[in-house]
There are 2 protein chains.
Amino acid sequence: MLRLGLAGFGTVGSGLVRILLENHEIITARTGQDISIKTILVRDLAKKRAVTAAPEVRFTTNPDDLVNDPDIDVVVELMGGIDTAKSLITRALHAGKHVITANKHLLALHGPELTALAASRGLGLFFEASVAGGIPIVQTLRESLGANRIERLVGILNGTANYILSEMTTSHLDFATALKQAKDLGYAEADPTYDIEGLDTAHKLVVLIRLAFGRDFPLQGVPVRGITQVTQMDIELAREFGYRIKLLAQARELDGRIEASVQPTLVKYTYLLARVGGNFNAVRVEGNAVGPIMLHGQGAGDTPTGSAVMADVMALCRGLAVPGWRFDNTGFGNKPLPQAEILPAEESVSMHYFRFSVADHPGVMAAISKSMAEHDISIAQAVQKGDMSGSDVPIVFLTHNAKAAAVAATIREIDAMSFTVRPTVQFPIL
Amino acid sequence: MLRLGLAGFGTVGSGLVRILLENHEIITARTGQDISIKTILVRDLAKKRAVTAAPEVRFTTNPDDLVNDPDIDVVVELMGGIDTAKSLITRALHAGKHVITANKHLLALHGPELTALAASRGLGLFFEASVAGGIPIVQTLRESLGANRIERLVGILNGTANYILSEMTTSHLDFATALKQAKDLGYAEADPTYDIEGLDTAHKLVVLIRLAFGRDFPLQGVPVRGITQVTQMDIELAREFGYRIKLLAQARELDGRIEASVQPTLVKYTYLLARVGGNFNAVRVEGNAVGPIMLHGQGAGDTPTGSAVMADVMALCRGLAVPGWRFDNTGFGNKPLPQAEILPAEESVSMHYFRFSVADHPGVMAAISKSMAEHDISIAQAVQKGDMSGSDVPIVFLTHNAKAAAVAATIREIDAMSFTVRPTVQFPIL
């Protein structure tokens, strides 16, 4: 018998309740345990819910009813936010309860502190649902790929952003229309800032870096660009070169330093990552033994994310069956993770896409090419649209590998030239 | 300290040795254990090896040196074959040793018996490496998706067959040339029967059905068609309709019965499964909570498969840290799995691809259409190649869902007609 205390009864909480009702038989067969929710912590007892919990479930607005109830073995935190969630998790761990959370923002900010507290008590602090919804990427990095030195990690970790970019690509919508459509379909929240500005993706990246590289990378150390600057024009131009634009989280280790970023990035259309459509998520991991692995699935939603929460509940069950079990929440035996040495963003090396907006004068192409050559940026492909002329002509260059510092310098130089009519657009290429 | 006894020092054994040498630091950091190989069982002590084991490793030709050595905690069976491997695993379990095996053929035939023996002793019998190489599909089905009712499973599980089909598709090779190329590259063995006849894929499917559906499906109950009958012509015709031909393992549950098959199958080119190229593997799982999940990676090879073996070693480590731990090898608490109720192959419903080879007479199209209509097979698309005429003209029909029994009956009927010059080719469509 395992009793859960659930904090938060929104989308994922409802999914968890549904899974426990609909798949009760399978869950019992696999765990040998009767697992149920005893109490649900909500803000508003009167609010109508899309899903009806079992009649014996108790509702409360008081966190004490989870933390102080000796019947409750596990607190499942699905309410989001920082301070209240952190307080609840801390109190639950102090009370000797295992914790499952989907709160990537909290983990990105305070993961090491909470992990240390759990480790000091031998308690589980599980978070499969915090990254990529139903995709078992936490488990895969922590356990299945545990014998690998992870060399690189690339993820599409935000379904809202991917939906918007996919619609801009396949239905030729502009950003605002695609965003509105995402809201209408319930894929984007009323305030979509975290999704479209890349912040949610950065939270998840920080969580994955810990699991993959065994180091703590500070959230504020991740350079983040969202998708609000991605235009229909750049998507079309990228497509002409055989690329799709995706919001990618990336991390890799180079000579002991970790490079991390969240940016709209051109991905060759032949890559599986370029084919991740709609609100799906995917994570590609390169291990020095396993080679490249990709996991693809629903990155959000009620029962997909609930499935991940239940994976954690069932993992807890396996450990709880044995007295003396101590949970390894990080995959590194609960030792505090060292701080990552950060590769400064300006040293980052990548191929790049440039779109210059220029007046159609003789010598423009030569001036741009010269500036790039002087900054040691080698051009792989170039196109000036033959059917355009006048005062605002796009010239697109795709480059070979170049340092971010050189890229920034050449953009500064070209943007200051008299023929440039609008700031240059630049994205990295995977 | 964990000491492994390794049986077999071929491709995967060499990969395991390399991983233990090259990633020793990471493995120790994650497990807190010094893991090493004590003894390697080989057939020929004099044989030159591509990889050199650590100097303290002992080589032997006597299985007793693994089974009777009290220092050895885990026997890793990577020698393949049935009788000798079964005998070794049985003896190791009786001697109280945990076992890790990559032997899908043995598991497909004798998995339940070996699992029961391991369960009776509380020992681990782990087999992540037996299916899809480095892809953590065993772990994902057994644990991460444990709260799901699995509705369907589709896999590309044989890298050799996928390489051959991919080369036939992208380089327009015929089967024999693609097979020769696979052999030259080391992707196919000297005797490639198991790979190209679909038998290896069927072994893996039986293992996955147990994990996904919790039932034992007899190997001889899986209808198997290999790829030797797949022609360049069918690959090209399928491509004209927007499909790729892949060797798919499929299983799904319909009203409590399990349908399983291994067949060359047309896959819409927009599906990620159609994009699985070269010698890669992929598994798509549909769970009633998580929705569709796809895992993609190297399905064979030294360190990719070695990575999966090491995942099992590290999972054993976690359990061994606690006295009294009993391993759950099936994901169903080691209870014997019930026999699957089998959906008879003739009741199977699917869309289909037909290629009729006919003499170019008036009324042929009408006769074929009439036969299909009489068998309740509804046509979705049809093409008779306009640039072909004479005594052997291909007519291709793509159908809506139809029962396998009706498909077989209409083929019998049409193949008996006077205008048919060669047996009709038929593949299902995913």
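Naming convention: chains lettered A, B, ... in sequence-line order (proteins, then strands); numbering from 1 in each chain. Because the structure is a prediction, the values reported are computed rather than measured.
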Reported CG-to-CD1 distance for the pair B:Leu145 and A:Ile26, which is rounded to 0.5 angstrom: 11.5 Å

Side chain to side chain, B:Pro136 and A:Ile293, heavy atoms closer than 4.5 Å: yes

Largest heavy-atom contact set with chain A, pairs under 4.5 Å, which of B:Ala147, B:Gly333, B:Gly134, B:Gly297: B:Ala147

A:Asp328 portion near chain B, given a 4.5 angstrom heavy-atom threshold: side chain

Part of A:Thr31 within contact of chain B (heavy atom distance under 4.5 Å): neither

Top contributor to chain A contacts, counting heavy-atom pairs under 4.5 Å, from B:Arg149, B:Arg318, B:Arg142, B:His24: B:Arg318

Pairs of heavy atoms under 4.5 Å with chain B: top-ranked of A:Ala29, A:Pro304, A:Ala308: A:Pro304

Selection from B:Thr270, B:Thr305, B:Asn288 maximising heavy-atom pairs under 4.5 Å formed with chain A: B:Asn288

Distance, nearest 0.5 Å, that separates CZ of A:Arg30 from OG1 of B:Thr330: 8.0 Å

Atom group of A:Met314 that falls short of 4.5 Å from chain B, counting heavy atoms: side chain

Residues in residues 121-132 of chain B that sit under 4.5 Å from chain A, counting heavy atoms only: none

Between B:Ser144, B:Gly32, B:Ala311, B:Ala315, the one whose heavy-atom pairs under 4.5 Å with chain A are most numerous: B:Ser144

Non-hydrogen atoms of B:Ser307 and A:Asn148 that approach each other most closely: OG-ND2, 2.8 Å

Structural part of A:Ile19 lying under 4.5 Å from a heavy atom of chain B: side chain

Rounded distance (nearest 0.5 Å) linking atom NE2 of A:His296 with atom CG of B:Leu272: 4.5 Å

Interatomic distance, B:Glu143 atom CD to A:Glu143 atom CD [nearest 0.5 angstrom]: 6.5 Å

Chain A contacts, top residue of B:Arg326, B:Met294, B:Arg284, B:Glu22 (heavy-atom pairs, under 4.5 Å): B:Met294

Considering all heavy atoms, the nearest B:Ala289-A:Thr303 contact: O-OG1, 2.7 Å

For chain A, the option from B:Met310, B:Arg275, B:Gln298, B:Arg18 that forms the most heavy-atom pairs under 4.5 Å: B:Arg275

